[in-house]
Amino acid sequence: MPKLKVSITLFPDTAKAASAIAITIYPTAGKYYDTRSFSFDQHTGQLLKGNKLYAEGYEAAGFGAKLRRLNYDIHVGSILGFPGKVIAFFAALTGASLPITGFLVWRGKRKKKTKKTTIHQTQKSNHASLRPVAPAAKTI
């Protein structure tokens, strides 16, 4: 049987009349998509209408609700456990390095253009100063 993590807010804000006691159940450690949340009235203990997305079980939710509930777990990679977190880390590292590598490639191309242009201009100026020379006469 998996360990359950339960988060209970036992001390509601008494200054607000509409304050409630909230209970959140996490059936699987490290995963948040199968969370169940309940809210109870602080005075009567009756179950209140809460967030419909987390009030029903994951299995009973529709496709859109399941996708919304999986959003955080997919984002941090916890949906696949530790290997998923490693994959998410390297994907984030790759995404973070793209602007840096793009800048380095851009700067490298820019430096090549300036070198190429100066060499090309130097060759042109050398050729312009040379004049055609008549071929030498053959002596036999």
Side-chain angles (χ1 to χ4, degrees):
M1 180 160 180
K3 293 182 180 179
L4 293 177
K5 181 181 175 187
V6 179
S7 172
I8 302 174
T9 306
L10 291 178
F11 304 106
D13 188 5
T14 55
K16 297 180 182 176
S19 182
I21 298 172
I23 298 176
T24 305
I25 302 170
Y26 303 96
T28 310
K31 295 185 181 178
Y32 298 98
Y33 69 90
D34 55 355
T35 301
R36 295 287 306 263
S37 295
F38 302 98
S39 295
F40 297 95
D41 183 77
Q42 68 174 340
H43 301 292
T44 62
Q46 290 181 339
L47 183 64
L48 300 174
K49 269 187 156 180
N51 186 351
K52 186 180 176 188
L53 182 64
Y54 293 102
E56 60 187 14
Y58 178 75
E59 298 80 21
F63 177 73
K66 284 183 179 180
L67 194 61
R68 280 187 60 195
R69 290 175 81 157
L70 282 169
N71 188 22
Y72 180 76
D73 293 317
I74 291 171
H75 181 77
V76 298
S78 68
I79 194 72
L80 299 175
F82 184 72
K85 288 186 177 193
V86 171
I87 291 169
F89 169 75
F90 283 113
L93 189 64
T94 302
S97 70
L98 287 175
I100 297 165
T101 56
F103 172 75
L104 293 174
V105 168
W106 172 78
R107 192 178 75 177
K109 284 185 177 182
R110 193 170 172 202
K111 281 186 176 181
K112 280 185 184 177
K113 278 186 179 178
T114 56
K115 280 184 178 179
K116 197 175 197 180
T117 305
T118 56
I119 291 170
H120 188 12
Q121 287 175 350
T122 310
Q123 287 175 351
K124 273 187 174 179
S125 63
N126 287 342
H127 289 298
S129 65
L130 297 176
R131 296 202 172 139
V133 179
K138 289 186 186 179
T139 46
I140 302 183

Problem - Set of ring-ring contact (aromatic ring centres under 6.0 Å, His included) partners for Phe38, sequence neighbours left out - result: none
Fill in the blank from the handout: Interatomic distance, CG@Leu70 vs OH@Tyr58, rounded to 0.5 Å, equals 4.0 Å
Handout entry: ILVMFWY network linking Ile87 to Phe90, side-chain heavy atoms under 4.5 angstrom
Key = no
Handout entry: Sidechain-backbone polar pair: Arg69 side chain, Tyr54 backbone, donor-acceptor under 3.5 Å
Key = no
Problem - ILVMFWY network linking Tyr72 to Tyr26, side-chain heavy atoms under 4.5 angstrom - result: yes
Fill in the blank from the handout: Residues Asp34 and Pro27: closest non-hydrogen pair is O-CD, 3.2 Å
Distance-only check: which donor-acceptor pairs under 3.5 Å involve side-chain atoms of residues 76-86, not counting sequence neighbours?
residue: Ser78; atom: OG; partner: Gly30; partner atom: O; Å: 3.4
residue: Ser78; atom: OG; partner: Asp73; partner atom: OD1; Å: 3.0

Practice task
Could you pull out the closest heavy-atom pair between Asp41 and Thr44, with the gap in Å?
Solution key: OD2-N, 2.8 Å
Problem - Nearest-0.5 Å distance that lies between atom CH2 in Trp106 and atom NZ in Lys111 - result: 11.0 Å
